[in-house]
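Computed from a predicted model, the values in this text were never measured in an experiment.
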Amino acid sequence: MWDAPCTKERSPIPELPEVETVRRELEPWLTGRRILSAALVDAQPGPKYANLKHAEGQQIVRVDRRGKFLLLPLASPDPQRDGTERDVLVIHLGMTGVVTHVQPAAHERVRLTLDGRDKTTLHFQDVRRFGRFLLLEEGNPAALPTLAAMGPEPLADDFTTEALWRGVRGREAAIKTLLLSQRPVAGVGNIYADEALWRVGIHPRRPARQLTKKQVAHLHGAIRDVLQASIEAQGTTLYDYRTVNGEVGAYLEKLDAYGHEGEPCRRCGTTIERIVVGQRSSHVCPTCQRPPRARRKQRPTRR
DNA sequence: CGAGTGCCCTGACAGC
DNA sequence: TGCTGTCAGGGCACTC
């Protein structure tokens, strides 16, 4: 079981599997509902909550997901716009975002009222305000640059080894930094990046251009495996998380690298280290994941 | 354009 | 006890 370093872990950081779980919960609730009102609660207007008023009167057509973004396309009641222009309600959970029909005790940022008979209020709670809840007007995807430049969905058919290879080939940046950019593939966050890299024995700091095509093929498989397994597990683990106060084992036990600093590597027994890559904490086995040669120190500038 | 850095924000926790 | 400092991290603005 876990020693002290892990007991302070909080609820899971929303990555793709968690967001997909939320999407599946929202879909039957929200599909077809009309938004009667949209309002900020404990929040200041700003780009994170842009154009919310435009959602009023519109109908939620679907509940989609793109990477870690929830996308709710809206149908306008205006017949001139219907079918041609579509606004999209965009929700990003950030670190602490929660969408619920239960009134939160604090930190509610956005509230929607919906038509229908039950669960007619949607609350967006976000303690740390890293999340977003905004309306994206069609034709303005540049308002969310990460979404606009996002790579293929990791579990979709177009995420092939070849696609990942194209996304990382020749790049100088550390492979983990590149994965977190969402550009080679969508939805990979800090936890699953560490997990996938551990599985294939690639050091997170290794410049992407140093990877062989075979390594990229393995990485491609590992990303899919890790995310697929997590999605399958989330149905129960995330639910347990919400109901069993303080219970952390079910979630973290599935991970091999993330959160295991100071523990033996499950493959070779070497102590897992925590390092920083691209200003994000990273967990590596120094034996399985051979570090790249230290960068040559720059010569001191002469004077 | 790619790569790197700092910032946002708040609660949990360590240390004194 | 209560204060101060540190940490966590997705996405974005900014610089070079």
Using a cut-off of under 3.5 Å, enumerate the N/O to N/O pairs linking the protein to nucleotides 14-16 of chain C.
none

Shorter than 3.5 Å, N or O on both sides, protein versus nucleotides 6-8 of chain B: list them out with atom names.
from	atom 1	to	atom 2	distance (Å)
B:dG6	N7	A:Gln279	OE1	3.0

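Protein atom CZ of A:Arg209 is 14 Å distant from nucleotide atom C1' of B:dG2, rounded to whole Å. The separation between A:Asp194 atom CG and C:dG10 atom P is 10 Å, rounded to whole Å. Atom CE in A:Met150 sits about 10 Å away from atom C1' in C:dG10, given to the nearest Å. In this entry the distance linking CG of A:Leu136 with C1' of C:dG11 reads 15 Å, nearest Å. Distance A:Gln125 CD to B:dT10 C1': 12 Å, rounded to the nearest Å. A:Arg169 places its CZ atom 16 Å from the C1' atom of B:dG2, with the value rounded to the nearest Å. Distance, A:Phe69 CZ to C:dG11 C1': 7 Å, rounded to whole Å. Between A:Leu93 atom CG and C:dG11 atom P there is a gap of 10 Å when expressed in whole angstrom units.
A salt bridge between A:Glu20 and A:Arg65 is present, with a side-chain N of the basic residue lying under 4.0 Å from a carboxylate O of the acidic one. In summary, A:Asp256 and A:Arg266 engage in a salt bridge, as defined by a charged side-chain N under 4.0 Å from a carboxylate O.
For B:dC9, the OP1/OP2 oxygens have no side-chain nitrogen or oxygen of A:His107 closer than 4.0 Å. At least one side-chain nitrogen or oxygen of A:Arg171 sits closer than 4.0 Å to the OP1 or OP2 atom of B:dA3. Residue A:Tyr258 places at least one side-chain N or O closer than 4.0 Å to OP1 or OP2 of C:dG9. Look at A:His92 and you won't find any side-chain N or O under 4.0 angstrom from OP1 or OP2 of C:dG10. A:Ser281 has a side-chain polar atom (N or O) that falls below the 4.0 Å cut-off from OP1 or OP2 of C:dG9. Between C:dA8 and A:Arg274, a contact under 4.0 Å exists linking OP1 or OP2 to a side-chain N or O.
A donor N or O paired with an acceptor N or O is found under 3.5 Å between the base of C:dG9 and the side-chain atoms of A:Arg128.
Mapped onto DNA chain B by nearest heavy atom, A:Ala174 and A:Arg129 fall at different nucleotides, with A:Ala174 at the one closer to the 5' end. If A:Asp126 and A:Gly278 are placed on DNA chain B by their nearest nucleotide, the residue sitting closer to the 5' end is A:Gly278.
Ring centroid separation for the pair A:His283 and A:Trp198 does not come in under the 6.0 Å cut-off. A distance of 6.0 Å or more separates the ring centres of A:Phe133 and A:Tyr49.
Using cut-offs of 30° and 60° for the angle between ring planes, the A:Trp29 and A:His101 rings count as perpendicular.
Residues satisfying the salt bridge (Lys or Arg N to Asp or Glu O under 4.0 Å) criterion with A:Arg66, sequence neighbours excluded, are A:Glu153. For A:His123, the side chain to side chain donor-acceptor pair (under 3.5 Å) partners at least two apart in sequence or on another chain are A:Glu108.
Looking at A:Gln210 and A:Arg206, their side chains do bring a donor and an acceptor atom within 3.5 Å of each other. Side chains of A:Thr113 and A:Ser37: a donor on one and an acceptor on the other come within 3.5 Å. A side-chain N or O of A:His260 and one of A:Glu263 form a donor-acceptor pair less than 3.5 Å apart.
Listed by first and then second residue, the salt bridge (charged side-chain N to carboxylate O under 4.0 Å, His left out) pairs that reach into residues 183-203 of chain A are A:Lys176-A:Asp194, sequence neighbours excluded.
Annotation: the terminal axes of the helix from B:dG2-C:dC16 to B:dC16-C:dG2 meet at 40°, where each axis is the rotation carrying the C1' atoms of four end pairs onto the next four (5 pairs per end, rounded to 10°).
Counting non-hydrogen atoms of other residues, nucleotides and ligands closer than 6.0 Å to CD of A:Gln103 gives a total above 12.
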*Is there a side chain to side chain contact (heavy atoms under 4.5 Å, CB included) between A:Ile91 and A:Phe124 once you walk through the steps?*
CA-CA 9 Å; A:Ile91 307 171; A:Phe124 178 63; 4.1 Å; yes
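Out of C:dG9, C:dG11, B:dT10, the shortest distance to the side chain of A:Met95 is found at C:dG9.
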